[in-house]
Amino acid sequence: MSEPTNGNGAATGVIHDIGYRNYDGARLGRWYLVRSLFSQSLRGAYGLGRPVGSKVMPVLLLIAMAFPALIMVVVAVVTGASELPLPYTDYIPVTFYISAIYLASQAPQLVSRDLRFRIIPLYFSRPLGYADYVLAKYGAMATALLILLGTPILIMYGGALLADMDFWAQTRGALKALAGAVLYSVVLGGIGLAIASATPRRGFGVAAIIAIILVSYTVVVAVQGIALTNDNHDVALYAELFTPYNLVNSTTLWIFGAEVNTLYAELSAPSGWQGVIFLAVMLATVAGCTGFLLLRYRKAATK
């Protein structure tokens with residue numbers, strides 16, 4: 001079949017009507033994409049909308065996180081205790097290994113698959129920038145952690161009220177712990193995503209997050225033990241800057257004006273300029289992780 005020509009014999013193009021029509025619906029825009037990516041990522045962090053096998057780990061860790069709180073509540077109600085066996089603000093540091101495993105298992109799930117299967121350019125082919133992608137993923141990871149960390153605190157609070165403990169004292173304690181849970185979620189979420197985004201291999205991301213958190217914690221505990229043995233409390237206190245759980249715990253104690261660290265009887269809470277240093281390091285950690293993620297995905301957007 002010959003190509004159509006004009007009067008001078010030159011070839012011309014042909015427009016075929018194959019039934020496509022213009023889109024006349026609402027254009028929801030960029031922030032709808034950000035909200036959708038946030039919602040999809042948050043659901044994925046608990047395996048929702050994914051195969052059954054993807055739900056097992058996050059659900060088991062959520063149960064493991066809440067179960068000790070439930071036991072404490074049952075004991076308090078049955079025995080008629082006047083206070084809970086463990087302060088609200090100590091629950092997250094005491095059970096840190098559970099949330100560390102959750103972070104290590106789910107942070108790579110949120111970002112590594114996109115890198116490994118090279119679907120980042122598909123996201124950025126729409127009016128969704130790399131900063132929007134980071135905002136949605138960071139927000140989803142922090143929210144998922146907040147659900148994990150906040151659930152046992154709410155269980156403890158409900159049990160305390162059920163046991164007729166002082167309402168205002170329990171409310172103050174629970175609110176402080178929930179505020180701390182927000183800080184833990186933001187700091188840990190940033191660290192986990194920054195590490196996971198450095199490699200498209202999910203297994204490497206899981207191992208790296210666990211190693212960094214556990215190694216830093218082990219080293220800090222060893223340094224603190226040596227420092228306290230030699231009666232050097234300042235070194236023991238500032239060692240807390242170098243592991244995320246202790247960093248947030250000490251910062252929270254300073255924000256709420258605690259005088260002692262209830263987790264370590266020999267260690268006082270930060271005071272004065274010490275607290276300012278802890279807060280500055282925590283903010284710098286969040287800013288550094290955010291900056292790394294922005295640079296990482298700006299580079300990915302250009303590929």
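Atom set for the values below is all heavy atoms of this structure, side chains included, hydrogens, waters and symmetry mates excluded. Positions are given from 1 along the sequence.
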If you count the non-hydrogen atoms of other residues, nucleotides and ligands that lie under 6.0 Å from CZ in Arg202, is the total more than 12?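 Yes.
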Kindly compute the distance separating [atom1] ([X]) from [atom2] ([Y]), expressed to the nearest 0.5 Å.
X      : Y      : atom1 : atom2 : value
Ile98  : Ile63  : CD1   : CD1   : 11.5 Å
Ile101 : Tyr97  : CD1   : OH    : 8.5 Å
His233 : Leu237 : NE2   : CG    : 10.5 Å
Met282 : Phe278 : CE    : CZ    : 11.5 Å
Leu267 : Gln224 : CG    : CD    : 6.0 Å
Leu175 : Tyr157 : CG    : OH    : 7.0 Å

Closest approach of [X] to [Y] (non-hydrogen atoms, all atoms of both residues):
X      : Y      : value
Leu193 : Ala107 : CD2-O, 3.9 Å
Asn249 : Pro93  : OD1-CG, 3.8 Å
Leu149 : Ser99  : CD2-CB, 3.7 Å
Val77  : Gly159 : CG2-O, 3.9 Å
Pro58  : Gly47  : CG-N, 4.3 Å
Ala140 : Ser41  : CB-CB, 3.5 Å

Start with the C-alpha distance between Val111 and Leu293, add both sets of side-chain angles, then the distance that settles side chain to side chain contact (heavy atoms under 4.5 Å, CB included), and finish with yes or no. CA-CA 11 Å; Val111 295; Leu293 289 168; 5.9 Å; no
Hey, any chance Ile92 and Val221 share a hydrophobic cluster, counting ILVMFWY side chains that come within less than 4.5 Å of each other, even indirectly? yes
Going hydrophobic residue to hydrophobic residue with side-chain gaps under 4.5 angstrom, can you get from Val215 over to Phe242?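 The answer is no; the residues belong to distinct hydrophobic clusters.
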For Lys176 and Thr89, does a side-chain donor sit closer than 3.5 Å to a side-chain acceptor?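 No pair is found: no donor N or O on one side chain lies under 3.5 Å from an acceptor on the other.
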Given Tyr102, which of Phe96, Tyr46, Tyr184 fulfils the ring pair (Phe, Tyr, Trp, His ring centres under 6.0 Å) condition? Tyr46
Only pairs at least two apart or in different chains count here, so list each ring pair (Phe, Tyr, Trp, His ring centres under 6.0 Å) that has a residue in residues 185-210.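 Found none.
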For Ser216, check side chain to side chain donor-acceptor pair (under 3.5 Å) against everything at least two apart and list the hits.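 Result, side chain to side chain donor-acceptor pair (under 3.5 Å) vs Ser216: Thr243.
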